[in-house]
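Only one structure is covered here, and it is reproduced in the block below.
All values below come from the heavy atoms of this structure, side chains included, with hydrogens, waters and symmetry mates left out. Owing to the predicted nature of the structure, the values given are computational and were not obtained by experimental measurement.
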Amino acid sequence: MRDGAALLAGLVLLTVAADRFVLGAARLSAALRVSPVVIGALVIGAGTSAPELLVTVLAALQGAPDLAVGNLVGSNSANIGLVLGAAALVAPIAVGHTTLRREVPLMLLAVLALAIAAADGTLGRVDGVVLLLLGVVAIAVVVAFARADQRGAAALAVTPPEPAWRPALLALVGLLGTIAGAQLLVTGASGLARTLGVGEAVIGLTVVAVGTSLPELVTAVAAARRREADLVVGNVLGSNLFNSLPVAGVAGVLGAAGLEPALGPALVGMVGICAIAAVFLVTGRRLARVEGAVLLVLFALVVGVTVA
């Protein structure tokens, strides 16, 4: 009963807070004269990765590496297959040439780095340090993109934007509400799963992974409904970037070492679904509804194979 109530409360809070988060982030990008894609990748991507970071750190500290890494691998697949796929069903997502040239390759490299680090069945401290260093480099690159966009937009600006603190405050309140809602939902879902006697790896790859991806899902759907396609793409790409490098790096440094063999197929599925989504985006510079449906089906297949 308590777990069901937590699920319902988390879903309601996520729905309301994520809409405010998207609105605040969109207005913040205009106030700072920064590309919405960069705001999505840097601000929203990092923010909506907070549940993954929290769950991963707690799992690593409690000696549950399969839950920690399974959460990240499953979340990356969910972000692409579930989140991007569902957002495309709401409205086709158009992608600019700059995004295809910058953010998409960064995401693919980050996901591939995580897969390589965990391919031998371990994610040790050396792996963690390497992933953290790569994360610092990736964040620096994204910040450089933001500065370049800011200079270009400033040169074209005609009217002064609103003070940045107002949309920043709105986005912050929405973000906190989104994270709180996600935590309620994850707590309730994990409680139900454990009551049913499901193993840690399965919980990490499915219930916890989808649960910690709910901020991205609700945020992306809200952004798609508001026709903020750049925020949708930036949110997903940025979240996978943070999950694969700094968050996974923290898990490794904290000692998330030995991994179950069942996570091997999940790593392959993660890289595969991310690569297919990139092909969809590059070929038509948009993600059509049919392609969104394909990503949803692929995500279901990945989940089915990894937990079988």
Side-chain angles (χ1 to χ4, degrees), residues 29 34-46 48-49 73-116 134-135 137-146 148-149 152 213 216-217 219-221 223-224 226-245 266-302:
S29 69
V34 175
S35 165
V37 171
V38 177
I39 288 292
L42 194 59
V43 179
I44 300 181
T48 54
S49 287
V73 174
S75 292
N76 283 346
S77 297
N79 285 344
I80 297 296
L82 179 61
V83 175
L84 203 58
L89 288 181
V90 173
I93 301 171
V95 184
H97 175 71
T98 301
T99 302
L100 297 175
R101 183 169 49 87
R102 301 190 317 194
E103 283 80 13
V104 171
L106 271 179
M107 184 274 293
L108 288 176
L109 289 174
V111 168
L112 188 59
L114 172 59
I116 292 173
L134 290 175
V137 173
I139 292 171
V141 171
V142 174
V143 170
F145 292 161
D149 291 340
S213 289
E216 287 91 342
L217 175 61
T219 300
V221 170
R226 292 180 177 275
R227 305 294 177 179
E228 293 285 353
D230 284 342
L231 284 179
V232 174
V233 176
N235 171 28
V236 170
L237 300 185
S239 181
N240 276 18
L241 178 68
F242 279 89
N243 287 347
S244 301
L245 297 180
L267 290 169
V268 175
M270 173 189 69
V271 174
I273 198 170
C274 288
I276 290 172
V279 170
F280 284 161
L281 292 172
V282 170
T283 52
R285 292 192 182 180
R286 69 196 301 267
L287 193 65
R289 285 189 171 91
V290 173
E291 293 169 333
V294 170
L295 290 179
L296 285 170
V297 171
L298 289 175
F299 173 68
L301 291 175
V302 168

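Donor-acceptor pairing under 3.5 Å is recorded for the side chains of Asn79 and Ser239.
Qualifying side-chain contact (heavy atoms from CB on, under 4.5 Å) partners for Ala278, counting only residues two or more places apart in sequence or in other chains: Val104, Leu108. Listed by chain and residue number, nothing satisfies the side chain to side chain donor-acceptor pair (under 3.5 Å) test with Ser77 (two or more places apart in sequence, or in another chain).
Taken from CG in Leu281 to CD1 in Ile93, the straight-line distance is 8.0 Å, to the nearest 0.5 Å. Atom CG of residue Asn240 and atom CG of residue Leu84 lie 9.5 Å apart, to the nearest 0.5 angstrom. Here CG of Leu114 is found 9.0 Å from CG of Asn243. Values are rounded to the nearest 0.5 Å. Atom-to-atom distance recorded for Ser244:OG and Asn76:CG is 4.0 Å, nearest 0.5 angstrom. Rounding to the nearest 0.5 Å gives a distance of 9.5 Å between CG of Leu109 and CD1 of Ile116.
At least one donor-acceptor pair closer than 3.5 Å links the side chain of Thr283 to the backbone N or O of Phe280.
The heavy-atom pair separating Ile80 from Cys274 by the smallest distance is CG1-SG, 3.6 Å. Nearest heavy-atom pair across Ala94 and Arg286 is CA-CB, 3.9 Å.
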Which donor-acceptor pairs under 3.5 Å do the side chains of residues 288-301 make with protein atoms, sequence neighbours left out?
residue: Arg289; atom: NE; partner: Leu89; partner atom: O; Å: 3.0
residue: Arg289; atom: NH2; partner: Val90; partner atom: O; Å: 3.2
residue: Glu291; atom: OE1; partner: Ala288; partner atom: N; Å: 2.9

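The side-chain contact (heavy atoms from CB on, under 4.5 Å) test with Leu245 singles out one residue from Val137, Leu134, Leu106, and that residue is Leu134.
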